[in-house]
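Take a look at the structure set out below.
Chain letters run A, B, ... following the sequence lines, proteins first and then strands; every chain starts at 1.
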Amino acid sequence: MLDDAGVEAVFERFATADPDPDWSPKGPRDPFKTLVGVVLSARTQGVNTEKAARQLFALADTPGALAALPLPEIAARIVPAGLYNQKAKGLKAMAEALVRDHGGRVPGTREGLMDLPGVGRKSADIVLRFALRHPVCAVDTHVFRVSRRLGLAASPTPDKVADELARRTPERFGMGAHLWLFRHGRDVCRGRRPRCVACLLEDLCEKNGVRDAV
DNA sequence: ATCCCGAGGG
DNA sequence: CCCTCTGGAT
């Protein structure tokens, strides 16, 4: 676990490499599409998720339209995402809940989002962060993994890591810190084959040389 | 064989 | 904390 100076050094390094992190997600800004995207993404690689999402949105891109879609139609469109039967049921149930309980609109609070079937803390925060642009430190699997590998946060659950990051990240880095971690986990500090040779933090990393740990 | 933007249940 | 779900790419 890095001390405060170590944490500072990590974010300073990010800030030097990317002074103005204006990165915006490639995915949709529409809350509904973001929501469907995260549900599709479970246990699936990003490329396949995007393909599945495109095919589904061509047929239904609103909660009402999705709720009205027959189950087999949904399943057929999202095959590339894998687990399509299970996910089709989940998506339909989610769409129905949106229509039934939320007037066919995606709720704008964490509580409202988590109230939906198939939506947990991670998915809710991702919608808040990337679609609704709230200053929420969404700790998805990328941010979680990077935080632990680097020693920024040692907590065992994403929830606690979020708290720890919020407490330890110097104020001046703001949400940029979150974007750096997110991107770094996706592109460099990957789960399976981390690209340690391409890592700008290699000398600061506690897991340097361990690679597949955590 | 094993991993992948995760939720829900025990 | 553990486990299951169980498709598709590597």
* Are a donor atom and an acceptor atom from the side chains of A/Arg129 and A/His178 found within less than 3.5 Å of each other? -> yes

* **Opening and closing nucleotides of DNA chain C in contact with chain A, under 4.0 Å to non-hydrogen atoms** => C/dC1 to C/dA9

* Can A/Asp159 and A/Lys122 be counted as an ion pair, charged N to O under 4.0 angstrom? -> no

Report all side-chain donor-acceptor pairs from residues 89-103 of chain A shorter than 3.5 Å, counting only partners two or more places apart or in another chain.
from    : atom 1 : to      : atom 2 : distance (Å)
A/Lys92 : NZ     : A/Ala67 : O      : 2.7
A/Lys92 : NZ     : A/Leu69 : O      : 2.9

* Provide the distance between the two P atoms, one in B/dC3 and one in C/dC2, to the nearest whole Å. => 15 Å

* To do: Working to the nearest 0.5 Å, report the span between NE2 of A/His134 and CE of A/Met175.
  => 11.5 Å

* Under 4.0 Å protein heavy-atom contacts per nucleotide of nucleotides 2-10 of chain B, with B for base, S for backbone only and - for none -> -SBBBSS--

* To do: Take A/Phe130 and A/Phe182 through the ring-ring contact (aromatic ring centres under 6.0 Å, His included) test and state the conclusion after the steps.
  => CA-CA 12 Å; A/Phe130 294 125; A/Phe182 188 91; 5.1 Å; yes

* Structure fact -> All heavy atoms of A/Ala124 vs all of A/Leu113, minimum pair found to be O-CD1, 3.6 Å

* Take atom C1' in B/dA1 and the same atom in C/dT6, then report the distance between them in whole Å. => 15 Å

* Charged N-O contact under 4.0 Å between A/Asp163 and A/Arg167 -> no

* Among A/Asp125, A/Val139, A/Thr141, which residue meets the side chain to side chain contact (heavy atoms under 4.5 Å, CB included) test with A/Pro158? -> A/Val139

* Distance between P atoms of B/dT2 and C/dT4 (Å, rounded) -> 15 Å

